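What follows is a short report on a single structure.
Numbers restart at 1 for each chain; the letters A, B, ... are given by sequence-line order, proteins then strands. Computed from a predicted model, the values in this text were never measured in an experiment.
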Amino acid sequence: MITFKKALLLIIPALLLSCEENFSPKTEIKDTYIVTSVLGTNGEVNSLAVSVTVTRVYDVDGYDPYTNETDPFVHDADVYFTLRGKDYSAVLVSQPRDTVISRYKTREFYYQAIFPAPLPTEQVKLTVITPENKNLSAVTRMPRRSYFELSYPFNSGITTNINRFNWGDEWRITWNTESGSIYFPTLVLHYLQEIDGNTLNKYIQVPLHIANKDNRRNWINPGHTYDGSVEFNYANIDSVMSRISEGVEDKSTITVQEFILNVTSFDPNLSNYYSSTNGYLDELTVRLDQNIYSNITGGIGILGSYWESAQTFNIEKVYGASFGYKVR
Amino acid sequence: MLRPIKAVLLILILSFPSFAYYANGTIRGFVSDSSNGEAIIFANIYLQEIHYGAATNNQGYYVLNGVPEGKHTLIVSYLGYQSKKLTVFVASGKITEVNLRLSPGTIQLDELTVSGKRISEPMDISMDKITSREIQLLPAAVEADPIRMMQISPGVTTTGDVTAKFFVRGGAGDQNAFLINGATLYYPFHAVGILSAIDPEIISSLEFSKGGFGPEYGGRLSSILNINTRDGNKNRLSATASATLLAGKLSLEGPIPGGSFIAAGRKSYYSGALKNFLRNDDVPFDFYDASVKLNYSNDAISSGSKFTLFGFFSGDLMDFEDPLREDYNISNQIYGVSWRKIWADPLYSIFNFSYSGYSADLDPNLGESKRRNNDISDVSANFDFSYVYSNKDQFDFGLQSKFLSTRLQIENLLGNTSEIEQSGSDINLFGKYRFLRWENYSFDIGIRTKLVALSEKRPFLIEPRLAMTYRVIPQVMFKFAYGRYSQEIIALSDENELISVFEPWIIIPPEIASMQSDHLIAGLTFILNEEISFETEYYYKSLINLNEINRKKFDYRFRDLINLDGEAYGAEFQFKYENPSFYSNIGYSLGWVHKINNGVRFAPRYDIRHSFNILSGAKLPFDFQFSANFQLRSGMPFTPIAGYFDHLNIIKNETFFNFNEFLPTTLRGRVNSQRLPYYHRLDLGLTKNISFGTSDLSLGINAINVYNRKNIFYFDPDTGEQINMLPALYTFFIRVKI
């Protein structure tokens, strides 16, 4: 046992000296191209100007990628879209960048192509040929337009003065869905407010929930959903109507205009990408090596598309006036 | 289907005629602690004249069969107790009942140099029998923890200081069974795995089988942790109270007419004691565990019987006040009844009936977490028999049945929801014949056959199990074991989650094949004397149809689970020195484990190549006790950084989407292709015991990671920040026994 104790006496000081050591979690840099492009429409335009970003993998001193100040943009790529069998080349565009908030101090670059706005379910292909003649490509299929069904039609404008016994406490909106697509519903109140002789356009979103904590109210807005439905509590519509005049002495300076219901549908590729970059499991789980979705052949990144469907609702005059507002 | 069943029945039928045949006599009985009546497990029973002996089982029961007629000197001993020597008369064809009570103390009999324990023990290949002394010796960061004790056993690895979860010989965490009084405990942890839910105060025996286990165990590929709880003080009413920074404990035990009872409970009160374990230190951990056990014997009702009722309950609640933060609620409930019977023949039986329920719920409230819920209902009935022949051979057989239902509602990271609800029966028949008739050889030949299976794609119906030992010289034993194992229930644990709050159990879905494994183990045991032993084992383990979460399930078209194959192999060495005043356990293991996914071979995070551990404890003057534990192991595999790139960060504003913001992120290299630096840590503990009449007071202090080694846990994937495991920290505890 004496030998064992002696061994311990030798080992422990050695360990004390080895508490710190240099270690690098890096391996050889993998030269990879990243292509990013998202095209979207609401069906009311004839052509789209779509931007494409082509960048490369970079390295930094240390392990914090936020320290990188060199724009990884790839300048000499050949970029084009293919729609209905016709190619539309993209040109290199540059514009000043807000260097206060950006890590990169140079001008901002991107490729831009202009082509006819695709119709629902039409396929658009993106091809990028890098200066090293590497071919990257991806395809997106435009989502369908959403058509709404309403649990209460509000034919004479939005009001919460309805028979709740018959119609319930919530306004339910449903729409057609496609497998693999996610949807972002919003209901936004648009209004005008006169301040010091100026008329300002303002808007506020109707929340799904209002949570009370520490005498403060948390407004929880709708997130994304796979289901083709959303429900807004009439009490939350009332809360929004009240909230826009909090701290305003003369409520007649506010003119409520309309509620706009909007549903943005992402195609399955963009849906997967959004989920993989915005997924939040819980705050205790420590997860490593999470995959970011990519549909770029020959590299990584995303080519996605979205469609915005909207319906406008007037505000019933009596309802708007009950808050002291003008109603347009 | 019929063939294996017929074979088992044939074995049973052929065995029965010999039940009534006796050539010699039998000695059997129980060994208990005279101070409280608790069963003493693994005690040595030895017949001096014929050099024949045995060890008590986990109920304190022993049987010596084939004892020649006449007078014999029986010696019983156990470390920490005064050995006992008595004369026993054995009549041919008769059973002599000898119940023995040992007094705590350190007086040893000089002549007890070769004990009976050494004759029977080598059959238990890859088995660690952990004593409460060892559990108390291990310096604890928060609480003395029996499951942390597993982590120092050679062949057992862990992925960090934070979790008590462990991996045995290359098997995943859900391949370990936790049995408490025979019932399965599905979530044996508190506080996201920082400590176990099993209070060491309630433990009577703890057997940990790392592989090659016999046919009496099944349903898991890697290991069995079998915990038997204490019966309670049969002599007097006593109470124990103890406190640490984290939790308080109370236990009450005492005699009742015809038996005894014990009730123990533990409740946390200061979650700040765990703040060093997690990056966010405001997690409101709140947990409890409680157990109760009632024993009753009455020869007027049933001679040689013992009836036991027990319950075990644990719960973890994390209730954030903020409605935007999620709440967690996890609980276990176990209710059980057992009937142990010593029959007129040398037949011993145990009937266990138990219910084990588990529920885990993550409620996101109004936050962005994903709702997840898992419920398990497990009703088990086991009938186990053990018959000892006059030629010393032993036949163990039994029927084990389980009705299991699992329900899982889960929304994964990518927003896809799944609901899996399954139920089924699992009925197994096992038989094991132990050839103990030869002095230097022993063989276990057994099978476990499944009459009804839980999963649809089950690979085989018969699981052969073989074990043998050969005593080369009196001090050296060669051991060998082979076994085939299957598993039909899995925990959906993502190995990318170093800390995980939710690991739901499900029956393997019909589209996925059940897991299977073959164990091949060989080893040598050297026993120099009662104090010094050395063991070495070598293992190979095939891992077929492992079930893993499909991390590339981006939408509904992809499967939730995928099948992988793999294999594990390695060598283990363990040296033990143990006497009443000093204890040392030195272990080293060398291991490899890899998995293969679509032809790509990769190492899981628990593939630790080298692992070295020394646990030592010594009694010091003035009733002080000192302990030290040193761990050294090679670093965990990790996926290296292969560069950085700017990825689109989609921002949803109130009325529009911003598709122009790019954030830097890490490009990962080949999965787990590099390793973190070596891990090492020294923990020290000092305890002072003070006696006041019949009461005892213990005061202790533990120093964890005394030289503040910055062991790397992981690198933050977003910022590259190095996150270390536990820093140097100090804890203390106080325990009062009245």
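- Residues B:Tyr714 and B:Phe638 place their aromatic rings such that the two centres sit no closer than 6.0 Å.
- With a 4.5 Å cut-off on non-hydrogen atoms, A:Ile29 touches chain B through its backbone and its side chain both.
- Chain A forms the most heavy-atom pairs under 4.5 Å with one residue out of B:Gly643, B:Ala642, B:Ala628, and that residue is B:Ala642.
- For B:Arg675, the part lying under 4.5 angstrom from a heavy atom of chain A is the backbone only.
- With a 4.5 angstrom heavy-atom cutoff, A:Thr186 touches chain B only via side-chain atoms.
- For the set A:Ile34, A:Asn262, A:Thr55, the entry with the most heavy-atom pairs within less than 4.5 Å of chain B is A:Ile34.
- No part of A:Phe73 comes within reach of chain B, as not one of its non-hydrogen atoms sits under 4.5 angstrom from that chain.
- Contact count against chain B (heavy-atom pairs under 4.5 Å) is highest for A:Val38 among A:Val38, A:Asp59, A:Val188.
- For the pair A:Ser305 (side chain) and A:Arg141 (backbone), a donor-acceptor distance under 3.5 Å is present.
- With a threshold of 4.5 angstrom between heavy atoms, B:Leu667 approaches chain A through side-chain atoms but not through N, CA, C or O.
- Aromatic ring centres of B:Phe659 and A:Tyr110 lie farther apart than the 6.0 Å criterion allows.
- The contact between A:Pro25 and chain B is made by backbone and side chain atoms together, counting heavy-atom distances below 4.5 Å.
- With a threshold of 4.5 angstrom between heavy atoms, B:Phe662 approaches chain A through its backbone and through its side chain.
- For chain B, the option among A:Asn68, A:Thr32, A:Thr53, A:Ile260 with the highest count of heavy-atom pairs below 4.5 Å is A:Thr53.
- Ranked by heavy-atom pairs shorter than 4.5 Å toward chain B, the options A:Thr264, A:Val57, A:Thr67 are led by A:Val57.
- Using a 4.5 Å heavy-atom threshold, the side chains of B:Phe189 and B:Asp316 count as separate.
- For chain B, the nearby part of A:Ile300 is the side chain; its heavy atoms alone come within less than 4.5 Å.
- The distance between the ring centers of B:Phe657 and A:Tyr274 does not fall below 6.0 angstrom.
- Applying the salt bridge (charged side-chain N to carboxylate O under 4.0 Å, His left out) criterion to A:Asp267, with sequence neighbours excluded, gives no partner residue.
- A perpendicular orientation is assigned to the rings of B:Phe715 and A:Tyr63, their planes being inclined by more than 60° (bins at 30° and 60°).
- A perpendicular orientation is assigned to the rings of B:Phe612 and B:Phe630, their planes being inclined by more than 60° (bins at 30° and 60°).
- Under the 3.5 Å distance criterion, the side-chain polar atoms of B:Asn711 are matched with a main-chain donor or acceptor of B:His680.
- Proximity to chain B (any heavy atom under 4.5 Å) is shown, for A:Gln205, by both the backbone and the side chain.
- With a 4.5 angstrom heavy-atom cutoff, B:Leu676 touches chain A via backbone and side-chain atoms both.
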Item to complete: Might you work through the side-chain contact (heavy atoms from CB on, under 4.5 Å) test for A:Val263 and A:Trp307, ending with a clear yes or no?
Response: CA-CA 8 Å; A:Val263 171; A:Trp307 197 286; over 6 Å; no
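- With a 4.5 angstrom heavy-atom cutoff, A:Pro207 does not touch chain B via any of its atoms.
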